[in-house]
> 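Take this structure first; my questions come after.
Remember, it's a predicted structure, so these values are computed and weren't measured experimentally.
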Amino acid sequence: MEKGTGKNQNTRLCFLAALSAFFWILLLYFHFVVLGGSTIDESMKLQPVSESLGLQHDPVNTYSNPTPVTEAQPKETPLEASRTHERDNFPFMRALRTIDNKSDPCGGRYIYVHDLPSRFNEDMLKECRTLSLWTNMCKFTTNAGLGPPLENVEGVFSNTGWYATNQFAVDVIFSNRMKQYECLTRDSSIAAAIFVPFYAGFDIARYLWGYNISRRDAASLDLVDWLMKRPEWGIMGGRDHFLVAGRITWDFRRLTEEESDWGNKLLFLPAAKNMSMLVVESSPWNANDFGIPYPTYFHPAKDEDVFNWQDRMRKLERKWLFSFAGAPRPGNSKSIRGQIIDECRKSKVGKLLECDFGESKCHSPSSIMQMFQSSLFCLQPQGDSYTRRSAFDSMLAGCIPVFFHPGSAYTQYTWHLPKDYAKYSVFIPEDDIRKRNISIEERLSQFSPEQVKIMREEVISLIPRLVYADPRSKLETLKDAFDVSVQAIIDKVTNLRRDIIEGRTNDNFIEENSWKYALLEEGQREVGPHEWDPFFSKPKDGNADSTGSSAEVAKNSWKNEQRNQ
């Protein structure tokens with residue numbers, strides 16, 4: 001019995017010792033592993049799975065990685081933590097974070113394209129005969145919007161890449177280029193900007209003559225209604241959206257509800273004021289439109305096409321000091337075209353290509369380009385509006401443009417042309433021509449051959465940024481007019497998002513001075529008096545152009561569409 005009792009006591013002691021050990025092990029496990037490891041586990045949860053495995057992660061799912069918390073790192077104050085939380089809650093933060101992913105070539109460059117109903121674009125092309133009252137646009141919408149190929153009978157063009165492109169065809173050219181953009185995404189949350197493929201120019205062109213304002217406004221109102229119902233719109237209220245119209249801004253800025261007034265009111269719609277609209281001529285006094293180049297006849301398919309053309313333009317002998325292609329404007333008392341034409345006729349070193357209704361050499365791309373290629377300087381006065389397609393045709397030919405109003409280029413195409421306009425062009429104020437203070441020939445003769453050579457080289461170097469590449473191809477190293485425009489929009493939206501995060505506002509912004517803001521250098525935000533103020537003094541009646549109302553400007557532009565503006 002004593003032996004049995006001793007065994008039982010030993011058994012109980014062993015059991016109690018084991019139970020006690022188990023309790024302490026459990027307590028230590030809970031303390032060191034569960035409680036002590038929570039920080040590690042939590043930080044691991046924030047790492048993308050692909051990163052923890054050492055894999056390159058999908059840019060669509062990329063977030064910036066949180067900094068591990070260490071004892072040496074100071075903790076955020078409650079205010080700082082609040083600001084961080086607020087910043088991270090902006091719905092566009094995911095898009096901004098893609099910029100930091102250096103392994104992603106599309107980081108910060110993604111574009112989301114709205115899948116619009118076909119009535120806003122493709123259906124218009126099916127009814128191409130209705131797109132212009134006088135021109136059969138069907139042939140001009142072929143070849144992805146480039147129009148029919150040009151024959152190089154006279155040897156003026158390259159053997160490939162030249163098309164009879166309509167000056168108002170940017171709507172379809174730009175949209176087709178966007179289809180080839182290398183950084184498209186179906187995830188709008190990472191988009192740097194959102195493209196709206198609405199053929200705004202083609203839409204209004206159908207109804208400019210003989211239609212009431214209700215019909216002219218219908219598609220624009222329908223578009224805005226469609227966009228505002230989309231979740232993408234709510235991210236920034238449309239301020240990250242952009243669209244393209246291959247017509248001048250005045251076609252979309254009807255000032256009144258009078259049936260006799262011109263165009264539609266797309267750019268005056270509250271929602272459209274948040275969007276960016278790219279047009280071939282913008283308003284100096286409004287902030288929601290931006291000038292992009294008119295299309296030329298040249299649409300290179302590869303870099304070599306551009307390089308070969310540039311080399312050819314450098315080697316040409318140019319026998320004319322200056323030239324002008326255009327028609328007079330006898331109905332416009334402020335136009336200087338009459339004086340320019342007179343001087344060209346009298347000069348032995350000037351060349352004139354007169355344009356008017358009916359058959360003329362101005363309707364021949366080869367005649368126009370041949371004259372520009374044989375001239376050192378090409379005169380580019382205002383047309384019915386500030387700008388002319390001719391300016392881009394002449395620069396494509398390596399001809400130095402001569403402008404007479406800053407609104408013809410300098411305040412329009414600030415994305416595509418140097419702000420130092422003297423590097424690539426000559427400026428002669430209109431008043432000097434009106435008052436005959438100086439002759440054009442005398443002014444241009446003052447440039448030395450070396451100066452002319454330097455300026456011409458600058459013009460030729462600009463050619464890639466001024467042409468639209470063939471939408472069915474892709475340039476490798478060069479950036480064309482499309483690339484420059486898209487990057488400018490991305491920069492605009494990105495800067496706006498950063499301003500929102502930092503709480504920066506420009507309360508001193510004056511929209512009527514929009515043309516001045518476009519000329520500011522990087523980092524500048526304030527504008528003041530400018531030497532060009534007299535050119536942009538807005539009439540008291542609020543009309544769009546000092547030479548006439550916006551309606552008259554647009555009407556005249558439309559009437560003269562068949563001329564070389």
> For the residue pair Asn176 and Arg472, confirm or rule out a side-chain donor-acceptor distance under 3.5 Å.
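Result is no, nothing qualifies.
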> Just checking Gln446: does its CD atom have more than 12 heavy atoms from other residues, nucleotides or ligands closer to it than 6.0 angstrom?
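Atom CD in Gln446 is crowded, with more than 12 foreign heavy atoms closer than 6.0 Å.
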> Please indicate whether Glu182 has more than 12 foreign heavy atoms, meaning atoms of other residues, nucleotides or ligands, lying under 6.0 Å from its CD.
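Yes.
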> Indicate, with yes or no, if the rings of Trp532 and Tyr421 have centres closer together than 6.0 Å.
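Between Trp532 and Tyr421, the centre distance is under 6.0 Å.
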> Taking Thr142 for the side chain and Lys139 for the main chain, is one N or O donor matched with an acceptor at less than 3.5 Å?
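It does hold such a pair.
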> Is a side-chain donor or acceptor of Arg456 paired with a backbone partner of Leu376 at a separation under 3.5 angstrom?
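Checked: no pair found.
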> Does Phe157 have its ring centroid less than 6.0 Å away from the ring centroid of Tyr297?
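They do not qualify: ring centres at least 6.0 Å apart.
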> The test is side-chain contact (heavy atoms from CB on, under 4.5 Å); show your working for Arg497 and Met236 and say whether it passes.
CA-CA 9 Å; Arg497 286 170 170 172; Met236 295 184 69; 3.3 Å; yes
> Could you tell me whether the side chains of Asp104 and Tyr110 share a donor-acceptor contact shorter than 3.5 Å?
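Result is yes, a qualifying pair exists.
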> Checking Asp203 side chain against Tyr199 main chain: does a donor-acceptor pair fall under 3.5 Å?
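The answer is no, because no donor-acceptor pair under 3.5 Å joins these two groups.
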> Quick one: closest heavy-atom pair of Phe324 and Cys344, and the distance?
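So the minimum-distance heavy-atom pair works out to CB-SG, 3.9 Å.
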> For Thr185 versus Tyr112, what's the shortest heavy-atom pair and its separation?
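What the structure gives for the nearest pair is O-CD1, 3.4 Å.
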> With ring-ring contact (aromatic ring centres under 6.0 Å, His included) as the test, would you mind laying out the steps for Phe392 and Tyr413 before giving the verdict?
CA-CA 11 Å; Phe392 296 98; Tyr413 311 108; 4.9 Å; yes
> Between Ser335 and Gln382, is any side-chain donor less than 3.5 angstrom from a side-chain acceptor?
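No, no side-chain donor-acceptor pair sits under 3.5 Å.
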> Does Ser514 use its side chain to pair, donor to acceptor, with the backbone of Glu511 at less than 3.5 Å?
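Indeed, once roles are kept as given, a pair shorter than 3.5 Å links the two residues.
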> Any idea how Phe509 and Tyr517 line up, ring-wise: parallel (<30°), tilted (30 to 60°), or perpendicular (>60°)?
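If you compare the ring of Phe509 with that of Tyr517, the planes turn out tilted.
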> In terms of side-chain heavy atoms, does Ser485 have a donor or acceptor partner in His416 at a distance below 3.5 Å?
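Side-chain D/A pair, Ser485 to His416: present.
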> Among Trp415, Phe242, Trp515, find the residue that satisfies the ring pair (Phe, Tyr, Trp, His ring centres under 6.0 Å) test when tested with Phe290.
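Answer after filtering Trp415, Phe242, Trp515: Trp415.
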> Would you check if the side chain of Asp533 reaches a backbone N or O of Pro529 as a donor-acceptor pair within less than 3.5 Å?
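Not a single qualifying donor-acceptor pair exists.
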> Using only atom types and a distance under 3.5 Å, with no angle test, would you say the side chain of Glu281 pairs donor to acceptor with the backbone of Thr387?
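Checked: pair present.
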> Classify the ring geometry of Phe427 against Tyr410: parallel below 30°, tilted from 30° to 60°, perpendicular beyond 60°.
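Answer is perpendicular, since the angle exceeds 60°.
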> Begin from the C-alpha positions of Ile204 and Leu266 and carry the test side-chain contact (heavy atoms from CB on, under 4.5 Å) through to its verdict.
CA-CA 10 Å; Ile204 189 56; Leu266 172 58; over 6 Å; no
> Do Ser408 and Gln380 have side-chain N/O donor and acceptor atoms under 3.5 Å apart?
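No.
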> Go through Met313 and Val459 one step at a time and tell me if the side-chain contact (heavy atoms from CB on, under 4.5 Å) criterion holds.
CA-CA 10 Å; Met313 293 305 99; Val459 170; over 6 Å; no
> Report yes or no: does Ser461 contribute a side-chain atom to a donor-acceptor pair with the main-chain N or O of Glu458 at less than 3.5 Å?
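Judged by distance alone, yes, a pair lies under 3.5 Å.
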> What do you reckon, are the aromatic ring centroids of His405 and Phe536 less than 6.0 Å apart?
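Ring centroids of His405 and Phe536 are less than 6.0 Å from each other.
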> Quick check on Lys419: does its NZ atom have over 12 non-hydrogen neighbours (other residues, nucleotides or ligands) under 6.0 Å away?
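More than 12 heavy atoms, drawn from other residues, nucleotides or ligands, come within 6.0 Å of this atom.
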> Please step through side-chain contact (heavy atoms from CB on, under 4.5 Å) for the pair Phe404 and Ile440, ending with a clear verdict.
CA-CA 11 Å; Phe404 303 85; Ile440 295 172; 4.2 Å; yes
> Do Glu457 and Arg314 meet the salt-bridge criterion of a basic N to acidic O distance under 4.0 Å?
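A salt bridge is present here (some side-chain N lies under 4.0 Å from a carboxylate O).
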> State whether the side chain of Asp289 and the backbone N or O of Met277 hold a donor-acceptor pair below 3.5 Å, judged by distance alone.
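Such a contact is absent between Asp289 side chain and Met277 backbone.
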> Would you check if there is a donor-acceptor pair between the side chains of Lys492 and Ser276 at a distance under 3.5 Å?
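A donor-acceptor contact under 3.5 Å links the two side chains.
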> Taking the six-membered ring for Trp and the single ring otherwise, decide whether the centroids of Phe168 and Phe140 are under 6.0 Å apart.
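No; Phe140 has its ring centre 6.0 Å or more from that of Phe168.
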> Under a plain distance cut-off of 3.5 Å, with no hydrogens placed, do Thr477 and Asp303 share a side-chain donor-acceptor pair?
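Short answer, yes.
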> Can a side-chain donor-acceptor contact be found between Ser364 and Ser366 if the only test is distance below 3.5 angstrom?
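Indeed, the side chains of Ser366 and Ser364 share at least one donor-acceptor pair under 3.5 Å.
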> Nearest 0.5 Å, please: how far is CD in Glu442 from CD in Glu343?
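Between Glu343 CD and Glu442 CD, I get 9.5 Å after rounding to 0.5 Å.
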> Could you tell me whether Lys346 and Asp342 make a salt bridge, using a distance below 4.0 angstrom between a side-chain N and a carboxylate O?
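Salt bridge: no.
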> Quick check against the 3.5 Å criterion: does Trp309 have a side-chain atom that pairs as donor or acceptor with the backbone of Leu396?
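Pair found, side chain donor or acceptor close to backbone of Leu396.
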> Out of Arg177, Arg465, Arg109, which residue meets the salt bridge (charged side-chain N to carboxylate O under 4.0 Å, His left out) rule with Asp483?
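The residue from Arg177, Arg465, Arg109 that satisfies salt bridge (charged side-chain N to carboxylate O under 4.0 Å, His left out) with Asp483 turns out to be Arg177.
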> Is Ser425 reaching over with its side chain to a backbone N or O of Ala422, donor-acceptor style, under 3.5 angstrom?
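A pair under 3.5 Å: no.
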